[in-house]
Amino acid sequence: MLVATDFVVWNKKLTVEDKNDVGVELSSLGEISARGVEILPSIIVTQFAFKEFLKDNNLSLQIKHLLGAINHERHESLSQTASYISGLIEKGVFPKKITEPLFSSLSKLKSKEISIQAYYFQGNKLIGMN
């Protein structure tokens, strides 16, 4: 089961107990792998890493204030706020406690090429991916 300091984990290490942290699909892949079925190895950057990223960049309070300032009578207010928040996140710097395990995990891959996918969850339900 994942703990708050698990910022980067291999999908093969996941169990069904991790479904609330990484979603049903990813936790099921870990279970399948544990039963001997070969799966494509992938590195999961957990919700704990994102929370740490927000904390280290002092973004939680800024985002909370921005969301509180939305004018619900103006439709463009929401899109402007969302755009501004996206910009804050894009300019954020990942702390070493996240990047070091990530690059360490990447260096263990045999492939010279990688692809990156982002999965978005609300609770344990997959709501989108890029």
Side-chain angles (χ1 to χ4, degrees):
M1 187 157 174
L2 296 177
V3 295
T5 55
D6 289 331
F7 298 133
V8 178
V9 295
W10 287 96
N11 60 346
K12 292 182 177 189
K13 303 271 185 190
L14 298 173
T15 68
V16 171
E17 294 175 357
D18 300 318
K19 69 180 176 190
N20 290 331
D21 296 319
V22 298
V24 174
E25 291 85 0
L26 292 174
S27 63
S28 295
L29 279 176
E31 284 290 323
I32 290 169
S33 175
R35 301 206 190 307
V37 176
E38 195 61 36
I39 63 170
L40 184 64
S42 62
I43 301 164
I44 312 300
V45 179
T46 68
Q47 64 164 323
F48 305 118
F50 185 66
K51 288 178 183 177
E52 191 69 23
F53 167 80
L54 291 176
K55 186 179 100 182
D56 274 26
N57 287 280
N58 195 27
L59 293 177
S60 294
L61 188 59
Q62 291 180 61
I63 291 170
K64 183 178 179 179
H65 285 248
L66 287 165
L67 291 174
I70 292 173
N71 181 343
H72 298 282
E73 295 176 10
R74 289 183 44 234
H75 173 70
E76 66 275 5
S77 178
L78 177 61
S79 60
Q80 289 171 344
T81 302
S83 178
Y84 190 75
I85 290 171
S86 292
L88 288 175
I89 291 171
E90 288 173 6
K91 291 176 186 168
V93 176
F94 280 93
K96 284 188 178 184
K97 56 183 132 182
I98 297 171
T99 58
E100 286 175 353
L102 176 61
F103 289 124
S104 173
S105 295
L106 287 172
S107 70
K108 294 175 185 171
L109 292 174
K110 294 176 184 166
S111 175
K112 298 287 185 214
E113 296 180 22
I114 61 168
S115 63
I116 298 175
Q117 289 185 308
Y119 295 88
Y120 304 99
F121 293 92
Q122 187 168 14
N124 63 359
K125 181 181 178 198
L126 178 67
I127 59 172
M129 60 189 219
N130 286 346

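From a predicted model like this one, the values you see are computed outputs, not experimental measurements.
- Here the CD atom belonging to Q80 is positioned 10.0 Å from the NE2 atom belonging to H75, to the nearest 0.5 angstrom.
- The heavy-atom pair separating V22 from L14 by the smallest distance is CG2-CD1, 3.9 Å.
- Between the side chain of S28 and the backbone N or O of V24, at least one donor-acceptor pair lies under 3.5 Å.
- Using modelled atom types, no side-chain atom of N11 and backbone atom of P41 make a donor-acceptor pair closer than 3.5 Å.
- Taking the side chain as every heavy atom from C-beta outward, L66 and Y84 approach each other to under 4.5 Å.
- Judged by distance alone, with hydrogens and angles left aside, the side-chain atoms of Q62 form a donor-acceptor pair with the main-chain N or O of N58 at under 3.5 Å.
- Once rounded to the nearest 0.5 Å, the distance linking OG of S60 with NZ of K64 reads 9.5 Å.
- Scanning both residues, S27 and T15, for their nearest heavy atoms gives CB-O, 3.1 Å.
- The number of heavy atoms from other shown groups lying within 6.0 Å of CD (E38) does not exceed 12.
- N71 contributes no side-chain N or O that, together with a main-chain N or O of S77, makes up a donor-acceptor pair within less than 3.5 Å.
- With S33 contributing its side chain and K12 its backbone, the two residues share no donor-acceptor pair below 3.5 Å.
- Residues forming a side chain to side chain contact (heavy atoms under 4.5 Å, CB included) with V3 (at least two apart in sequence, or on another chain): T5, D6.
- When all heavy atoms of S107 and S104 are compared, the pair lying nearest together is OG-O, 2.7 Å.
- Panel note: side chain E31, backbone V16; a donor-acceptor pair is recorded below 3.5 Å.
- To the nearest 0.5 Å, the span separating OG1 on T46 from NZ on K51 amounts to 9.0 Å.
- Remark: side-chain polar atoms of D56 are not paired, donor with acceptor, to backbone N or O of F53 under 3.5 angstrom.
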Checklist entry - side-chain contact (heavy atoms from CB on, under 4.5 Å) between I63 and L54: does it pass, once the steps are laid out? => result CA-CA 9 Å; I63 291 170; L54 291 176; 4.1 Å; yes
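- In this structure a side-chain-to-backbone donor-acceptor pair under 3.5 Å is missing from S83 to S79.
- Looking at every heavy atom in both residues, K97 comes nearest to F7 through O-CD1, 3.3 Å.
- Rounded to the nearest 0.5 angstrom, K91 NZ and I89 CD1 are separated by 12.0 Å.
- Between L2 and D18, the shortest heavy-atom distance links the atoms N-OD1, 2.8 Å.
- Residues I44 and S42 have side chains in contact (heavy-atom distance under 4.5 Å, counting atoms from C-beta outward).
- Under a cut-off of 6.0 angstrom, the local environment of CZ in R74 is crowded, with over 12 non-hydrogen atoms contributed by other residues, nucleotides or ligands.
- Considering NZ of K55 and CG of L61, their distance stands at 14.5 Å, rounded to 0.5 Å.
- If you chain together hydrophobic residues whose side chains sit under 4.5 Å apart, V37 and L29 fall into the same group.
- Between F48 and the choices D21, V9, V8, the side chain to side chain contact (heavy atoms under 4.5 Å, CB included) rule is met once, by D21.
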